[in-house]
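See below for the structure under consideration.
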Amino acid sequence: MSENITLTLPDGKALEVPVGATVKQAAAKIGPRLAEAAIAGKLDGSFVDIRMPLSTSGKFEVVTMKSPDANDVCRHSMAHIMAEAVLKLFPEAQFGIGPSIENGFYYDFLLSRSLTPEDLEKIEKEMQASIAAKQEFTREELDKSAARKLFGDLKQSFKLELIDEIPDQKVSVFRHGGFVDLCRGPHVPNTGAVKFFKLLTIAGAYWRGDEKRPMLQRIYGTAFATKEELDKHLAMLEEAKKRDHRKLGKELDLFSIHEEVGPGLVFWHPKGARIRNAAEMFWKDQHYKNGYELIYTPHIGRSWLWETSGHLGFYRDSMYSPMLIDDQEYFIKPMNCPFHIMIYKTQMRSYRDLPLRWAEMGTVYRYEKSGVLHGLMRVRGFTQDDAHIICTPDQIEDEVREVIRFSLFILKSFGFEEFKAYLATRPEKAVGEPARWEQALAALKRAVDQEGLVCEVDEGGGAFYGPKIDLKIKDALGREWQMTTIQFDFNLPERFDMTYIGADGGHHRPYMVHRALMGSVERFLGVLLEYHGGNLPLWLCPVQVAVLPISDKHLEYGKKIEQALRTRGIRTFLDTRSDKINYKIRSAQLQKIPFMAVLGDAEANANTITIRKRTGENLTGIDLDAFVTSQEWKKA
RNA sequence: GCCGGCGUAGCUCAGUGGUAGAGCAACUGAUUCGUAAUCAGUAGGUCGUAGGUUCAAAUCCUAUCGCCGGCUCCA
């Protein structure tokens with residue numbers, strides 16, 4: 001019996017092939033060169049191995065090294081090649097999983113000893129040998145029982161566990177060299193098809209991501225279909241290192257963290273404080289302009305507050321131990337919301353008062369596990385640019401849309417350009433009726449759509465008390481950073497019995513939204529530093545103009561210029577050292593100061609300044625006032 | 001919290017059992033200079049901390065604190 005299936009090619013043409021034809025055979029029907037170049041196929045958007053018999057019609061595509069999907073296939077094959085190398089060096093190795101990931105791949109192993117960087121070199125060598133040998137990848141379909149026997153004989157207990165979880169009766173395995181792996185595929189034709197890789201790091205990883213299960217050793221690598229892409233990626237990793245906010249924080253004297261004081265507690269030095277203050281002033285000003293009121297609340301509160309809010313029930317583990325004051329337990333705040341609610345409850349509120357938008361730069365303290373602390377990005381004491389919007393149910397959608405708009409405005413003001421929204425839905429454990437969740441989610445979704453944001457849904461990722469939208473920014477290196485979070489709260493209004501009097505004269509439950517636009521000010525500034533590589537926009541720079549006299553002769557004139565700038569509200573630094581101008585320029589340049597005023601005889605005589613921008617560009621002999629009102633100044 | 005690595009001068013780092021080193025920064029002096037490092041000198045460290053092994057420890061062992069890379073977590 002020779003039935004045919006119809007493959008619809010990307011150009012719309014239909015290709016008839018017999019049932020059971022492989023991707024390779026289908027490609028051969030299009031052209032022999034294509035068959036030769038094929039590394040995988042795609043049927044209705046899913047990868048299929050080139051050796052796999054096709055049995056259903058659908059949209060079909062041949063993946064070659066030039067396809068956008070090539071990297072994905074290569075990386076997966078590379079993970080197998082790495083596993084083969086590890087097997088050679090560690091015959092007793094137990095294999096976990098080894099997927100392709102963004103920019104690379106990894107594989108998890110259980111080994112008799114810890115890996116060292118030297119091991120990585122050895123493994124790389126073995127991999128190169130395997131690639132040079134151009135070993136065929138072969139695909140085989142086995143009954144589960146046969147697969148169990150195969151991996152049982154190899155003493156691969158992790159694989160046995162994986163087999164048990166596969167619902168199908170048949171599983172596929174791929175072999176190359178002496179290595180065999182349970183795997184869906186697809187794989188490149190032979191190990192010679194992939195060449196451009198580098199092993200990067202060794203890390204610990206729990207089996208199946210479960211902290212109760214064994215810790216395996218994970219090797220991360222990167223791989224690309226072409227050398228150019230690999231080199232570009234490696235260069236990007238270098239660049240990311242240079243932009244590390246912890247490095248910049250030290251070099252630019254912005255902040256520090258002290259072992260003697262405690263990990264995750266940030267000290268802002270004068271220059272860092274200048275940046276933070278500029279950001280906060282802007283933030284406050286914009287909040288008043290956008291219909292918010294600013295409030296201040298305490299840092300600690302009695303246990304009553306945290307019992308009522310539910311924090312002690314849900315998050316006690318990440319709250320600091322109570323302190324006893326007059327025999328009463330007080331806790332340092334991990335969130336600001338209960339305090340804001342206390343203000344709400346000081347009065348009877350009318351529907352005419354709503355919406356209320358109350359904002360606070362509220363510093364909170366949370367116990368974060370020691371292993372997760374990271375520079376400014378993850379700390380134990382941080383300031384949220386928090387606000388709570390308390391409104392009626394029919395105001396909620398407009399309010400959310402307005403928050404998103406406001407957030408994008410604020411983020412764009414700091415230079416961020418690319419945004420993505422993540423919509424988090426109801427988790428398993430949650431409060432609030434499902435109907436209200438649905439309603440809130442729909443409102444969030446419509447608001448995101450109206451702002452034209454790309455949105456991804458994070459199923460079950462919401463907080464227990466309500467759904468949320470997170471806005472992330474994408475930086476020049478393609479990394480994503482979480483900034484804004486907008487969260488519905490079905491919990492607190494209930495727990496604190498918040499009410500307002502409606503038009504009908506009855507008591508009603510208000511809706512409440514938590515939102516932080518920057519998220520944590522500390523992390524925000526960390527991201528900002530990395531995003532701009534330390535070259536902050538002018539309005540945030542701790543020093544905007546470095547005044548550099550050519551020699552001590554010009555010090556007097558330098559002082560005059562410095563003062564003139566300062567009285568115009570410009571942040572300056574006068575370099576009084578008796579070094580050469582080259583040295584002063586280099587030093588200002590390393591401090592990433594946007595403008596340098598270079599002053600010598602020419603300038604002093606003509607009562608002008610010469611500006612050197614941090615880009616290296618010069619504006620010779622210009623008037624000071626003309627400069628600070630110029631486009632050059634405003635654009636920086 | 002878990003796995004692995006690391007911790008030497010303000011910073012970046014060298015020093016694998018025999019009484020602590022470099023460059024930069026700092027300080028002093030000289031130099032007064034036109035677009036990314038002028039020269040010379042001075043000072044600075046109980047080698048994260050606490051135990052232990054040894055005639056002898058920055059170096060080896062144990063514990064502890066912190067940092068780095070991941071994992072887990074992130075209201």
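In this text, all values refer to a predicted model and were calculated from it rather than measured experimentally.
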Please check this pair: side chain of [X] against backbone of [Y], looking for a donor-acceptor N/O pair closer than 3.5 Å.
X	Y	value
A:Gln589	A:Arg614	yes
A:Gln156	A:Phe95	yes
A:Arg612	A:Val598	no

A:Glu603/A:Thr608 under side-chain contact (heavy atoms from CB on, under 4.5 Å): CA gap, chis, key distance, verdict: CA-CA 5 Å; A:Glu603 288 76 15; A:Thr608 59; 3.9 Å; yes

Contact list for RNA chain B against residues 209-218 of chain A - heavy-atom distance below 4.0 Å: A:Gly209, A:Glu211, A:Met215, A:Arg218

Any donor-acceptor N/O pair under 3.5 Å between B:rG70 base and A:Tyr206 side chain: no

Polar pair under 3.5 Å, donor/acceptor by atom type, side chain A:Glu260, base B:rG48: no

Once you measure the plane-to-plane angle for [X] and [Y], does it fall in the parallel (<30°), tilted (30-60°) or perpendicular (>60°) bin?
X	Y	value
A:Phe464	A:Phe314	parallel
A:His80	A:His76	perpendicular
A:His340	A:His388	perpendicular
A:His311	A:Trp306	perpendicular

Phosphate contact ([N] OP1 or OP2) by [X] side-chain N/O below 4.0 Å:
X	N	answer
A:Arg113	B:rG4	no
A:Lys580	B:rC39	no
A:His374	B:rG69	yes
A:Ser370	B:rG1	yes

Residue A:Glu165 excluded, over 12 heavy atoms near CD under 6.0 Å: yes

Sub-6.0 Å ring centroid separation between A:Phe109 and A:Tyr107: yes

Restricting both atoms to N or O, compile the protein contacts to nucleotides 6-14 of chain B shorter than 3.5 Å, with distance only.
from   : atom 1 : to       : atom 2 : distance (Å)
B:rU12 : OP1    : A:Lys250 : NZ     : 3.4

Minimum-distance nucleotide to A:Ile585 side chain [options: B:rG69, B:rA36, B:rA75]: B:rA36

Over all strands shown, is [X] touching base, sugar-phosphate only, or nothing at heavy-atom distances under 4.0 angstrom?
X	answer
A:Ile581	sugar-phosphate
A:Ala588	nothing
A:Gln482	nothing
A:Phe464	nothing
A:Tyr367	sugar-phosphate
A:Asn582	sugar-phosphate
A:Arg246	sugar-phosphate

Are there any protein N/O atoms within less than 3.5 Å of an N/O atom in nucleotides 24-29 of chain B, and if so, which ones and at what distance?
from   : atom 1 : to       : atom 2 : distance (Å)
B:rA25 : OP1    : A:Tyr583 : OH     : 2.7

Member of A:Asp253, A:Leu254, A:Leu248 meeting the side-chain contact (heavy atoms from CB on, under 4.5 Å) criterion with A:Glu251: A:Leu248

Under 3.5 Å side-chain donor-acceptor pair for A:Thr383 and A:Thr363: yes

Rounded distance in Å between the C1' positions of B:rG1 and B:rC60: 29 Å

